[in-house]
**Q** 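Before I ask anything, let me first share the structure, which is written out below as structure tokens.
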Number of protein chains: 2
Amino acid sequence: MPQNTKNRATIEDVANLANVSTATVSRVINKNGQVAKKTSDRVLEAIEELNYTPHSGARQMAGGRPNLVGLIFPAIGDPFMSELLEGIETKLVEEGYDLLLYSSQRLGESPRFLPLNEHNSDGLIVFADSLSDAELARFHQLEFPLVLLHQNAPEGLDIPCVTVENKKGASTAVKHLIDHGYKNIAFLAGLEGHEDAEWREIGYREELAKHNIPFRPELVGYGDFSAETAEAAVENWLLEGINIDAIFAADDNSAQGAMFALQRAGKRIPQDVAIVGFDDITFSRYMSPSLTTIRMPIKDVGRHSAIQLIKLMKGEKADSLTLLPTDLIIRDSCGKD
Amino acid sequence: MPQNTKNRATIEDVANLANVSTATVSRVINKNGQVAKKTSDRVLEAIEELNYTPHSGARQMAGGRPNLVGLIFPAIGDPFMSELLEGIETKLVEEGYDLLLYSSQRLGESPRFLPLNEHNSDGLIVFADSLSDAELARFHQLEFPLVLLHQNAPEGLDIPCVTVENKKGASTAVKHLIDHGYKNIAFLAGLEGHEDAEWREIGYREELAKHNIPFRPELVGYGDFSAETAEAAVENWLLEGINIDAIFAADDNSAQGAMFALQRAGKRIPQDVAIVGFDDITFSRYMSPSLTTIRMPIKDVGRHSAIQLIKLMKGEKADSLTLLPTDLIIRDSCGKD
DNA sequence: TGATAGAATGTAAGCGATTACATTTTATCT
DNA sequence: AGATAAAATGTAATCGCTTACATTCTATCA
């Protein structure tokens with residue numbers, strides 16, 4: 001039997017049971033307007049009794065804003081998703097918003113309507129590449145509050161973006177290696193076309209250039225931010241006998257994969273090959289040797305995206321780019337300081 | 001300015017522009033009823049032109065089911081959240097449902113109304129401990145489709161539950177250690193009160209008993225499923241000079257922390273202390289030594305929870321308990337086979 | 001060509017809340 | 001006690017959509 005069509009108490013049922021009008025019930029629910037304590041108690045009791053919960057759809061229609069923001073993210077098992085969430089949610093809750101998440105595993109596949117949109121949320125935070133440009137354009141045209149995470153706005157759309165100093169972080173990492181005397185520095189690039197990865201590559205190349213070290217394309221390995229693909233890339237270098245004395249990985253997962261492949265091939269880290277990663281995931285500290293890496297202030301990224309979105313939702317202007325600083329965390333994998 | 005109150009096209013705007021009635025527009029949107037191709041095209045055009053998206057709240061009110069299921073989970077950065085999601089979503093999408101997520105970081109703190117409820121979703125999947133018993137009872141009383149993940153239903157509530165064979169997995173792990181001749185087997189219990197952890201502890205104790213090895217409370221260390229707390233627990237054992245030749249960790253994070261502490265103290269793994277974990281997170285393979293552990297079919301857990309929920313949503317009866325099998329993955333940390 | 005079935009479209013009643021405005025009750029002051 | 005302001009409550013319009021039912025086309029057939 002269709003469960004949902006019956007038995008659900010409405011505001012009217014509550015009103016009847018409590019012997020008041022629906023308006024009064026609405027007032028006690030929303031704590032606006034004046035209601036006598038006695039009446040209010042009676043209403044609350046009726047709500048309890050009937051197991052009543054307001055119908056959000058109806059509320060929205062009746063004019064109230066949903067007080068809800070949506071976060072749309074790809075299904076990539078980002079190890080920092082939960083920190084990001086924490087940053088976003090903390091700020092949002094402070095301001096009285098709820099947060100709903102939609103993971104767009106198979107974007108584009110089913111061109112249905114998004115379950116999170118301008119009607120049921122006050123704003124959207126969109127993680128890198130989880131929405132098509134067309135969709136972004138639609139929202140933008142609607143002047144619907146939107147913030148992009150780890151992704152710059154497509155050409156011509158003025159949508160605020162929050163991310164970390166990818167380029168600078170990469171430069172720092174590479175500089176650190178160069179300062180230690182390494183010259184043959186390979187780069188594990190992560191996912192091709194991913195914005196974070198691209199900026200990190202730019203940082204890598206610029207820093208090389210700054211020190212007059214020629215860029216060698218064969219020293220760049222692509223993958224997908226996973227240990228497996230990095231492992232394969234490193235094995236390939238080893239196989240081809242390419243001379244490498246250091247690796248800068250665009251993410252810690254890849255760094256881990258690289259370590260694994262190197263150690264299996266009998267290379268010592270950092271004596272034979274030094275490694276620096278990017279992200280500082282929880283595990284970096286526990287790798288052996290522990291991984292020198294670039295830490296990103298993920299929680300801050302979350303918080304700032306919420307801050308920008310809130311501005312937008314209040315009708316204020318938001319900063320079109322928020323760049324959060326990264327930190328070099330020196331551990332053992334890069335050779336002692 | 002309040003962005004959301006204006007400029008949003010309604011079905012009526014579309015109808016006007018396309019020169020048809022709202023009923024017709026509704027028909028083309030929902031692909032039910034008959035509409036002439038020519039008309040339909042005109043409507044689609046108007047939708048495009050106006051950037052129109054239906055108001056989900058209004059749709060629900062007007063009777064259509066939302067075709068949406070909600071997943072409620074705690075903020076714990078479960079390393080397998082993304083796999084779980086994949087399992088759930090894949091199945092759900094097959095059946096034409098959308099999935100919306102709500103992370104209940106600070107449950108109980110703000111006793112507001114859940115943003116996911118019987119009005120805007122057809123069913124809910126609830127991850128361990130993310131809803132209060134009272135809330136569960138409310139849904140249950142409403143006969144609202146509900147499936148619990150990694151958590152048994154509270155006393156008296158008949159809510160289907162999907163989880164893995166925690167006890168059996170733990171037994172297997174411990175048996176493996178015992179079979180290798182280890183006698184002083186410590187247990188890193190993870191979070192006290194967590195159901196998974198509890199079942200794993202029961203498995204540990206039963207297996208000990210089965211081999212006539214007395215259970216020693218001082219060999220159980222509690223933590224919170226994190227490497228840090230496990231590290232501390234192990235350090236404590238070391239400090240107290242407790243004799244341990246193997247550790248069974250209720251999760252891989254803890255196993256990692258344990259390894260770290262042991263190695264820092266100069267112990268060799270597995271020669272001095274063997275370790276077996278639980279979960280088989282991505283990193284287990286990359287630890288050094290690589291971690292022997294119990295693998296859980298996370299994706300299947302997700303898929304089965306979706307399957308059970310779908311039954312419920314169709315008004316069929318669901319299995320009150322689905323127990324998915326675990327696997328022993330033998331690597332290096334437990335001593336060679 | 002007129003009748004008729006089926007396709008295409010339209011009309012209008014609800015769905016469950018909120019809220020401006022109207023009304024009644026209560027409290028306060030002279 | 002009577003007037004009056006403030007508090008408490010009620011009335012009813014409204015939000016955007018779906019859908020049962022009514023109506024109008026269109027094509028086909030005798």
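Here is how names work: the chains are called A, B, and so on, in the same order as the sequence lines, proteins then strands, and each is numbered from 1.
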**Q** With a 4.0 angstrom cut-off to heavy atoms of chain B, pull out the first and last contacting nucleotide of DNA chain C, in 5'-to-3' order.
**A**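 Result: C:dA7 to C:dG16.
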**Q** Quick one: do the A:N120 and A:Q60 side chains pair a donor with an acceptor below 3.5 Å?
**A**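 Result is no, nothing qualifies.
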**Q** Check this for me: does any side-chain nitrogen of one of A:K91 and A:E94 sit under 4.0 Å from a carboxylate oxygen of the other?
**A**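 Counted as a salt bridge, because a side-chain N and a carboxylate O are separated by less than 4.0 Å.
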**Q** Going by an N to O cut-off under 4.0 Å, is there a salt bridge joining B:E83 and B:K299?
**A**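 Looking at B:K299 together with B:E83, the answer is no, because their closest N to O distance does not fall below 4.0 Å.
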**Q** Can you name the nearest heavy-atom pair linking B:L146 to B:L312, along with the distance?
**A**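 Looks like O-CD2, 3.4 Å.
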**Q** Touch check for A:S56, heavy atoms < 4.0 angstrom, all strands: base, sugar-phosphate only, or nothing?
**A**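 Contact class for A:S56: none.
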**Q** Please state whether the rings of A:H150 and A:F127 are parallel, tilted or perpendicular, taking 30° and 60° as the class boundaries.
**A**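 Ring orientation, 0 to 90° scale: parallel.
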**Q** Ion pair present between A:R8 and A:D13, side-chain N to carboxylate O less than 4.0 angstrom?
**A**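 Salt bridge between A:R8 and A:D13, a charged N being under 4.0 Å from a carboxylate O: no.
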**Q** Short question: side chain of A:Q308, backbone of A:D319 - any donor-acceptor pair under 3.5 Å?
**A**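 A pair under 3.5 Å: yes.
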**Q** Could you encode protein contacts along nucleotides 14-20 of chain D as a string, one character per nucleotide from 5' to 3', using B for base contact, S for sugar-phosphate-only contact and - for no contact, with a heavy-atom cut-off of under 4.0 Å?
**A** -BBBBBB
**Q** Under the salt bridge (Lys or Arg N to Asp or Glu O under 4.0 Å) rule, what do B:R138 and B:E135 come out as? Steps first, then yes or no, please.
**A** CA-CA 5 Å; B:R138 197 183 74 80; B:E135 199 74 44; 3.5 Å; yes
